[in-house]
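The block underneath contains the structure these notes are about, expressed in structure tokens.
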Amino acid sequence: MEIFAPAGNFDSMLQAVENGADCVYLGMDVFNARMKADNFNPDNFSEAVGICHLFGVKVYLTLNILIKPKEFSEALNVAAFAYNNGADGIICADYGLTAFLAANLPADCDITFSTQANIQNAEGCLEAKSLGVNSVVVSREVDRETIRDIKTRCPGTSLEYFVQGALCVCVSGQCQLSSAVDVYSGNRGQCKQPCRQYYSAFENGKKLAEGYLLSPKDLSLADKIDELKNLGINRIKIEGRNRRKEYVGESVRIYRKAVNGGKITDNDKIRLKKMFNRGDYTRGYLYEGNSPSLMSTSIQGHKGVKCGVVAKITDKFCLINADYTATKGDAYKIIRLGKEVGSAVCVEILGNNTVKAAFNGKVKAGDAAHITSDNKLLSEFDKFTRKVPLEMIVEARVGNKMLCRCRCDSVEKTVESDFVCEKAVKSPLSSAEIANQLSKLGDTYFTITNIVVNSDDIFVAKSQLNEFRRKIVSRMYSELTASRRQKILLTTKESAATATDNAGRVAAVISESAQVEAARLCDIIIVSPDVYDSQNIARFDIDAFYLDIPNFLLKKDVDVIKQILSADKRIIGVCANSLGGVYLAKEFSKKLLLGPGMNIFNDYSVGLWKDYGCDFVYSNELSLNEINDFRNKDGFVYAEGNICCMTLAHCPIKLVKNCSCDKCKYHGDITYKDRLNNEFLIKRKVVSKCYFELINTHRLSTYGKIDSRRNFYLNLRGMSVEESKKTIDSYLSLVGGGNNNEISILKNTTNGHLFKKVK
């Protein structure tokens, strides 16, 4: 089992290497999902790879955002640069880019599907394999049964799983909340984290709960490593490219200990919590299912570890009775009854472990002090101490240049001095003196394990020996870190734009059987029920339709979908919203529509299934101008309906109503409202278990705003029969050359991103 560590900057990379990571993953200053991190650039990327390789650590570049049509060539240039400079692998989210790199990069570069690619079942892994990809970071929301199924059916797939760090509340790669609220897209590495804000939950106008209702705790599975090994996880991954270097170092240290069979102690857990923890940690979906225990509703951000109690308030200072040895500058979060009320910083250490601290907030005597920054602990990660062992055999003969034969493992190189050894007139340099001077490797990455000097009675100035030592180190560093790959270029052959003979089609998504009559004249009818079972779907009185395949399916969910596809012969196609959905279409020989969950951002993603033949929906995070950049003009534009901003695998009903599955209090949709009064509907979807969708209450409505020479995707989920009919009739009239606008004037509508592209 390998440890995959985050490297948001050079110092974090060094701490990952220092503490025993097998691999690091890092991003350049473009095309990566952590654009707020310091990241790397062409000037320091090669050096980072060299240092990692010096210590046997692999380097993976993250190109894990969705790629717009005009960016594809540039993304390939970045990938080629990374390969040419020694990257061992590349992690991608975009289907088209991932498959292109898998097909065109040499086999010594491992191409991995990011968790943002939303692969969560064996079907998804099998479809990834058909695209040439055998390494997958599975979604964090999977359960153990599904992982076992993947390992049984996809034995050649290498599985990575996140074990430490921040959790997204949304199913991996399916979040559009940030782009809906702030125009900054998480799928583009610019997430503003509106999920971490304060929300209130309402049902029929009555407030049910409030707090950080969409903010999960941080994940920590350090004491579950043996179980993960038994499940067949090949790599464990630590999240944290936006975290400080000390967090990276401590996380890697603890997981190295666990992977090596060591017992994780209470002190280990305390140290890790001091570095960063949101909500005292969770064991995630593998162990807690859809429980409210996943969420951190009371405290936002780093909670730290309780280290004392506020004893007294004096003017601008408070006195804390601490249960540890404090250091000036230590920082605290002050908590009362489970909620944050202030913060403090140690300014002086008094007797009896009493801390005098400057504070902010409404702090009172009796409040709990949680340490969030322990300077003594942080100081342990100030230096890089790992060294590469060198052996030297030195020949120093009068009248000849000094020679040093260096060996590191199986690598050997002979280095020649720039000077000639002179015969000593008075006091010759002894072999011991030469060895001592050449062994002073100081803050280099090397240490001498053995040195043998064979010398005559020579004289060499110490400055010359110092220069020779620097030359030896430089040559060995270059020898050990040089990339011996043949340089490559990655280019595409862009074909001409496809004809638009297929324009003027309308696809309608319906969720109620009563909507069927309104949708009969549409070119494609997609049934997207709230409950997936054959009896419920049988209520839809229609001869032929596509089944909407949810964007997240565990093994038991897949079994339900397969039963429906097998039993209902009216299903002629599927609307796939993940790679697993694509695989199901092929397995059951159904027509294929790549739905909104596929987030189609470029022609290369569509082209992956051109031989199978498919329709597709352009991502609703693309503007019309960016859609116009596609060579394939036959996609469907998401034109009407309420957009799902998140799919939730935890249960918000349990969270806000304090109920359980056997005593469920779900009585219909609830509403989440943020402090800016943005409202989002929480709707339930049932497959083998319950999932929930967080839906933007501002309906997307583009009628009359875009030209008729398009294919239109109309999401009628949640609409009344009357409104469904008006919407469909208006678009059928539009594509037919008429101008019969039956859509009533609606309030709270949005143009989405069709005229304002995401950042």
Side-chain angles (χ1 to χ4, degrees), residues 69 72 94-100 102-103 117-119 123-133 492-509 519 521-528 542-551 553 558 561-562 564-566 568-619 622 627 629-638 709-714 735:
F72 207 87
D94 186 278
Y95 300 132
L97 179 64
T98 309
F100 188 97
N118 186 28
I119 299 175
E123 284 68 23
C125 290
L126 288 168
E127 188 61 24
K129 185 175 182 179
S130 76
L131 300 177
V133 181
T492 62
K493 294 181 180 179
E494 296 190 358
S495 59
T498 61
T500 56
D501 293 342
N502 287 327
R505 294 180 296 159
V506 175
V509 182
L521 295 180
C522 293
D523 298 273
I524 296 176
I525 301 174
I526 304 160
V527 173
S528 180
I542 187 170
D543 293 334
F545 61 91
Y546 284 53
L547 182 68
D548 191 49
I549 306 296
N551 58 11
L553 297 170
V558 173
I561 299 297
K562 285 185 174 181
I564 294 171
L565 291 173
S566 298
D568 199 325
K569 302 307 179 185
R570 300 173 303 157
I571 301 173
I572 62 170
V574 303
C575 179
N577 291 288
S578 69
L579 284 184
V582 174
Y583 185 86
L584 288 172
K586 294 159 72 173
E587 181 180 2
F588 286 88
S589 300
K590 305 295 184 182
K591 293 180 179 180
L592 175 61
L593 170 65
L594 305 176
M598 294 292 288
N599 254 330
I600 299 298
F601 251 64
N602 54 66
D603 287 287
Y604 299 94
S605 294
V606 181
L608 298 177
W609 296 284
K610 66 180 180 180
D611 292 337
Y612 185 79
C614 69
D615 285 306
F616 70 99
V617 181
Y618 300 106
S619 171
L622 291 173
I627 288 173
D629 290 334
F630 273 66
R631 297 188 302 280
N632 189 328
K633 307 295 185 183
D634 292 335
F636 285 81
V637 176
Y638 198 131
R709 292 170 297 170
R710 305 274 184 181
N711 294 318
F712 297 101
Y713 176 91
L714 312 179
V735 299

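- At most 12 non-hydrogen atoms from other residues, nucleotides or ligands lie less than 6.0 angstrom from NZ of Lys129.
- Between Phe545 and Ile572, the closest side-chain pair of non-hydrogen atoms is not below 4.5 Å.
- Shown are Trp609, Tyr95, Tyr583; of these, the side chain to side chain donor-acceptor pair (under 3.5 Å) with Glu127 is made only by Trp609.
- The shortest side-chain heavy-atom distance between Lys562 and Phe588 falls under the 4.5 Å cut-off.
- No side-chain heavy atom of Leu131 sits less than 4.5 Å from a side-chain heavy atom of Thr98.
- A donor-acceptor pair shorter than 3.5 Å can be found between the side chains of Asp548 and Asn577.
- A distance of 6.0 Å or more separates the ring centres of Tyr638 and Phe636.
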Start with the C-alpha distance between Arg710 and Ile627, add both sets of side-chain angles, then the distance that settles side chain to side chain contact (heavy atoms under 4.5 Å, CB included), and finish with yes or no. CA-CA 11 Å; Arg710 305 274 184 181; Ile627 288 173; 3.8 Å; yes
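- For the pair Arg505 and Tyr713, the cation does not sit on the ring face, since its NZ or CZ is not both under 6.0 Å from the ring centre and inside 45° of the axis.
- Heavy atoms from other residues, nucleotides or ligands lying under 6.0 Å from NZ of Lys610 number 12 at most.
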Begin with the C-alpha distance, continue with both residues' side-chain angles, and end with the deciding distance and a verdict on side chain to side chain contact (heavy atoms under 4.5 Å, CB included) for Asp94 and Ser605. CA-CA 7 Å; Asp94 186 278; Ser605 294; 3.3 Å; yes
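- The minimum heavy-atom distance between Val582 and Met598, with the atom names listed, is CG2-CE, 3.7 Å.
- Counted by atom type alone, Asn118 and Asn551 present zero donor-acceptor pairs between their side chains at under 3.5 Å.
- In this structure, Arg570 and Asp543 approach most closely via the heavy-atom pair CB-O, 3.3 Å.
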